[in-house]
Protein chains: 2
Amino acid sequence: MVKKSSTTPCCFGARLRQARERAGLAQDKLGVLIGLDEGCSSARISRYETGVHEPPFETARKLAQVLGVSVTYFYCEDDWLADLVLRLTALTPAQRVELAAWLDLRRGVI
Amino acid sequence: MVKKSSTTPCCFGARLRQARERAGLAQDKLGVLIGLDEGCSSARISRYETGVHEPPFETARKLAQVLGVSVTYFYCEDDWLADLVLRLTALTPAQRVELAAWLDLRRGVI
DNA sequence: TATCAACTCTACGAAAAACGTAGACTCTAG
DNA sequence: CTAGAGTCTACGTTTTTCGTAGAGTTGATA
């Protein structure tokens, strides 16, 4: 049987694996934390990470919450945007206002 | 029969409708543009927008491409992030570098 | 008003996908 | 080698989306 090791498959699975490994959680532990039965927990997470199955959005949201990332992160195709989403959601309200102003300077927006 | 008019239902559907109406496309026209059969085109899009069904990611990607937005946009829960994703993906490579530097100033990253 | 056309929504059975179960595979520690 | 932790997948079942067909809604025009 061919093993994928830690090479990232497609979009959703790759982000999920990244976030899970950053959190230092095993697949079955993560599954239990979002309310999955212990008996099938690792199977579910494994299929999400390898791209065999795609979870409904509600499941993705629970995963994001437990892993401490925005659910949007899971749906970022390129690494640049993924990284940005992580950093942006960590900004304070004041910094968000600053950022909006910064963007306004660079483009003729409103 | 109760009509939802143009009130936005849940996350994915709301974003899709926003993007489609911005593009000035009818549901059936949009469906055809992503390769759906004419006969069921509006039914599919309607169910996505009202949140009755959730499309596979590959379908979402096609919709995003036709509508000229990042697929990530469809999976933004709050309006602030959604708006930001739209504007960020429109940045030039040079502006992206600038933005990264700007963010570095505001947080002890790397 | 009546009627037409454009647009949107939804009930139904068929088709496709994810689901839980159970067990195999890989790797590392003792 | 053995045990255990972690990951993956074939199987049959359940749940979901799918295409079809047609009804509801709105606005314009005669």
Side-chain angles (χ1 to χ4, degrees), chain A residues 1-67 71 74-75, chain B residues 1-67 71 74-75:
Chain A
M1 180 45 46
V2 179
K3 177 71 184 314
K4 291 255 193 67
S5 73
S6 266
T7 41
T8 55
C10 85
C11 183
F12 185 97
R15 302 291 170 216
L16 175 57
R17 178 159 298 188
Q18 282 171 18
R20 178 179 62 82
E21 290 182 343
R22 257 199 303 271
L25 283 172
Q27 289 178 336
D28 60 343
K29 301 292 185 303
L30 171 58
V32 168
L33 284 176
I34 65 164
L36 300 182
D37 188 84
E38 292 186 10
C40 69
S41 182
S42 77
R44 292 275 296 273
I45 306 296
S46 172
R47 286 183 290 218
Y48 296 154
E49 291 188 352
T50 53
V52 174
H53 288 173
E54 185 182 350
F57 186 71
E58 188 51 40
T59 301
R61 178 152 36 201
K62 290 178 190 164
L63 288 167
Q65 201 211 327
V66 166
L67 294 174
V71 66
F74 292 144
Y75 299 93
Chain B
M1 180 44 49
V2 179
K3 176 72 184 315
K4 292 253 190 71
S5 72
S6 266
T7 42
T8 55
C10 87
C11 182
F12 186 96
R15 301 292 169 215
L16 175 56
R17 177 159 300 189
Q18 283 170 18
R20 178 179 63 81
E21 291 181 341
R22 256 199 305 271
L25 284 173
Q27 289 178 338
D28 58 343
K29 300 293 184 303
L30 171 58
V32 168
L33 284 176
I34 65 163
L36 300 183
D37 187 84
E38 291 186 10
C40 70
S41 181
S42 78
R44 292 274 297 273
I45 305 297
S46 172
R47 288 184 289 219
Y48 296 154
E49 290 188 353
T50 54
V52 175
H53 288 174
E54 185 182 349
F57 186 71
E58 187 52 38
T59 301
R61 176 152 35 198
K62 289 177 191 164
L63 288 168
Q65 202 211 326
V66 166
L67 294 173
V71 66
F74 292 143
Y75 299 94

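Naming convention: chains lettered A, B, ... in sequence-line order (proteins, then strands); numbering from 1 in each chain. Note that the structure is predicted; figures quoted are calculated from it, not measured.
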Quiz item: Which pairs, with at least one residue in residues 54-63 of chain B and sequence neighbours excluded, count as a side-chain hydrogen bond (donor to acceptor under 3.5 Å, both in side chains)?
Solution: A:Glu77-B:Arg61, B:Glu58-B:Arg61
Quiz item: After noting the C-alpha distance and the side-chain angles of A:Thr50 and A:Arg17, does the key distance pass the side chain to side chain contact (heavy atoms under 4.5 Å, CB included) rule?
Solution: CA-CA 9 Å; A:Thr50 53; A:Arg17 178 159 298 188; 4.3 Å; yes
Quiz item: Over how many whole Å does the gap from A:Leu16 atom CG to D:dT7 atom P extend?
Solution: 11 Å
Quiz item: Does the side chain of B:Tyr48 get closer than 4.0 angstrom to OP1 or OP2 of D:dC18 through an N or O atom?
Solution: yes
Quiz prompt | Distance-minimising heavy-atom pair for B:Ser41 and B:Gly31 | solution = OG-CA, 3.0 Å
Practice problem: Please check the phosphate of C:dC7 (OP1 and OP2 only) for any side-chain N or O of B:Lys29 closer than 4.0 Å. | Solution: yes
Quiz prompt | Residue whose nearest DNA chain D nucleotide is more 5′ - A:Arg47 or B:His53 | solution = A:Arg47
Quiz item: Closest nucleotide of DNA chain C for B:Val52 versus for A:Glu54: which of these residues is on the 5' side?
Solution: B:Val52
Quiz prompt | Residues which pass ring pair (Phe, Tyr, Trp, His ring centres under 6.0 Å) with B:Phe74, listed by chain and number, not counting sequence neighbours | solution = B:Phe12
Self-check item: Distance (rounded to the nearest 0.5 Å) between B:Leu63 CG and B:Arg44 CZ
Solution: 9.0 Å
Practice problem: To the nearest Å, give me how far apart CG (B:Leu30) and P (C:dC9) are. | Solution: 13 Å
Quiz item: Rounded to the nearest Å, what distance is computed from the CZ atom of residue A:Arg44 to the P atom of nucleotide C:dA22?
Solution: 16 Å
Quiz item: What nucleotide, of D:dG19, C:dT21, C:dT10, holds the atom closest to the side chain of B:Ala43?
Solution: C:dT10
Quiz item: Hey, does the side chain of B:Ser46 come within less than 4.0 Å of C:dT8's phosphate (OP1/OP2), counting only N and O?
Solution: no
Practice problem: Check the distance between C:dA16's P and B:Glu58's CD and give it to me in whole angstrom. | Solution: 17 Å
Exercise. Rounded off to whole Å, could you give me the CD-to-C1' distance for the B:Glu38 and C:dT8 pair?
Key: 17 Å
Exercise. Mind listing the closest non-hydrogen atom pair of A:Gln27 and A:Ile45 along with its distance?
Key: O-CG1, 3.4 Å
Quiz item: Could you give the CG-to-P distance, from B:Asp28 to D:dA21, as a whole number of Å?
Solution: 17 Å
Self-check item: Closest heavy-atom pair and its distance - A:Ala23, A:Leu67
Solution: CB-CD2, 3.9 Å
Practice problem: Send over the distance from B:Gln27 CD to C:dT10 C1', rounded to a whole Å. | Solution: 12 Å
Self-check item: Atom pair distance, as rounded to whole Å: CG in B:Leu25 and P in C:dC7
Solution: 10 Å
Quiz item: For the helix from C:dT1-D:dA30 to C:dG30-D:dC1, what is the angle between the axes at its two ends, each from 5 pairs, rounded to 10°?
Solution: 30°
Exercise. Under 4.0 Å between any heavy atoms, over every strand shown, what does B:Pro56 touch: base, sugar-phosphate, or nothing? Just pick one.
Key: sugar-phosphate
